[in-house]
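Presented below is the structure to which this report refers.
Atoms within each ligand, like the ligands themselves, are counted from 1 in listed order. Because the structure is a prediction, the values reported are computed rather than measured.
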Amino acid sequence: MRKPVIAGNWKMNLTVQEAITFVNGIKDELDAIHQVERVIAPPHVALTAMADLLGGTGIGLAAQNMHYLDKGAFTGEVSPLMLKGLCQYVIVGHSERRMYFGETDQTVNQKVHAALIHGLAPIMCVGENLEQNESRLTDSWVAGQVQAGLVGLSSTNAQRVIIAYEPVWAIGTGRACDAITAQHVIQVIRSTLSILFGEQTAQVIRIQYGGSVDVNNIAGYMRQPDIDGALVGGASLKSTWPQLTRLAVVDS
Ligand code: 13P
């Protein structure tokens, strides 16, 4: 069955030295939790140090973003070629990238393809904003983002994608989406995947929930049949991160 993925997205936090200190403090405890895939997503500048520190552990590394081209005149960007070998996953289309850096479903789709070509597992983020949520547009909006982000993938490649459902209004607000509602939207995502790639593939693709996940609510999400993990922001920077990951191991 689907192995859950618990990923910590640090966003723009921690210097390299702070990252080393933090990870040294949690890595043994985190590494011991084999039932779920454990991933951390530090800022790009800390990836090399983290790769050195986590070598030989079962803890995976994700980049928070990348360009879809291998190289070129794109000042400030990082390419899949540079990430390959350094990390195993890459977050694409996070709502903060869509909101502040002009990412569109089309660029997200290009990044998904680029990641897969280079052997990186894309964690593709989707989610509605508050206005869409209040207008009851969530299901259609999210299904549309999934479809657009995965255009042109074969069923085989689609199986390597991880999708993160992150309602924008729940991110960093302490106002988490309740587990039943998250399960509903994630089930809509799985139905969309079934239409796109067939039921067998849809049953293999991991779908996470993200948005104000913490030690108090993680187990509730993990008990839902379609929720296969979490993409966590603020709580992944705390010393309780291994505890949160351990609480994600539930009998569903
Ligand atoms: P928070 O867990 O801080 O709400 O952030 C969620 C998120 O955006 C993870 O990518």
Side-chain angles (χ1 to χ4, degrees), residues 4-14 18-19 22 26 30 36-44 46-47 50 59-66 83 87-101 103 108 111-112 115 120-130 132-133 138 141-142 145-146 149 161-179 181-182 185-186 189 206-222 224 227-248:
V5 189
I6 305 295
N9 174 11
W10 294 0
K11 308 192 180 184
M12 196 173 71
N13 291 290
L14 304 190
E18 286 168 342
F22 177 66
I26 60 159
L30 191 60
V36 299
E37 254 171 64
R38 298 127 291 156
V39 179
I40 58 171
H44 284 142
L47 280 172
M50 296 299 99
I59 303 168
L61 264 181
Q64 296 178 15
N65 177 44
M66 66 173 195
L83 295 177
C87 56
Q88 304 80 37
Y89 310 77
V90 58
I91 299 171
V92 299
H94 191 281
S95 60
E96 288 149 15
R97 301 290 317 169
R98 295 179 191 252
M99 240 185 315
Y100 306 129
F101 301 97
E103 293 209 14
V108 171
K111 291 179 183 201
V112 167
L120 298 162
I123 301 177
M124 185 181 87
C125 304
V126 296
E128 83 287 1
N129 64 27
L130 186 60
Q132 291 161 332
N133 182 274
T138 299
W141 176 258
V142 168
Q145 281 185 316
V146 168
V161 176
I162 297 166
I163 295 175
Y165 168 55
E166 297 205 311
V168 178
W169 50 269
I171 294 177
T173 59
R175 198 184 142 203
C177 176
D178 70 86
T181 307
V185 180
I186 286 175
I189 293 173
R206 274 104 43 103
I207 310 176
Q208 302 171 304
Y209 167 75
S212 296
V213 173
D214 60 24
V215 285
N216 299 310
N217 60 22
I218 181 69
Y221 295 112
M222 299 306 294
Q224 302 302 321
I227 302 184
D228 308 314
L231 183 56
V232 185
S236 70
L237 292 160
K238 297 186 176 164
S239 57
T240 47
W241 179 237
Q243 187 194 345
L244 186 154
T245 307
R246 204 171 326 107
L247 288 165

Protein heavy-atom partner closest to atom 2 (O) of ligand 1 - residue, atom, separation in Å: Gly233 N, 2.8 Å
Numbered atoms and elements of ligand 1 in range of Glu166, under 4.0 angstrom, heavy atoms: 6 (C), 7 (C), 8 (O), 9 (C), 10 (O)
Under 3.5 Å: donor-acceptor pair, side chain of Asn217, backbone of Ser212: yes
Proximal atoms of ligand 1 relative to Gly234 (non-hydrogen, under 4.0 Å): 1 (P), 2 (O), 3 (O)
Check: Gly127 main-chain N/O paired with Gln145 side-chain donor or acceptor under 3.5 Å: yes
Location of contacts on Asn9 toward ligand 1, heavy atoms closer than 4.0 Å: side chain
Min heavy-atom dist Gly172 to ligand 1 below 4.0 Å: yes
Shortest protein contact, atom 5 (O) of ligand 1 (heavy atom only): Lys11 NZ, 3.3 Å
Flag, side chain of Tyr209 to backbone of Gly211, donor-acceptor distance under 3.5 Å: yes
Gly210 heavy atom under 4.0 Å from ligand 1: no
Parallel, tilted or perpendicular: ring planes of Trp10 versus Phe22, cut at 30 and 60 degrees: perpendicular
Side chain His44, main chain Asn65, donor-acceptor under 3.5 Å: yes
Check: Gln88 side chain, Leu61 main-chain N or O, donor-acceptor pair, under 3.5 Å: yes
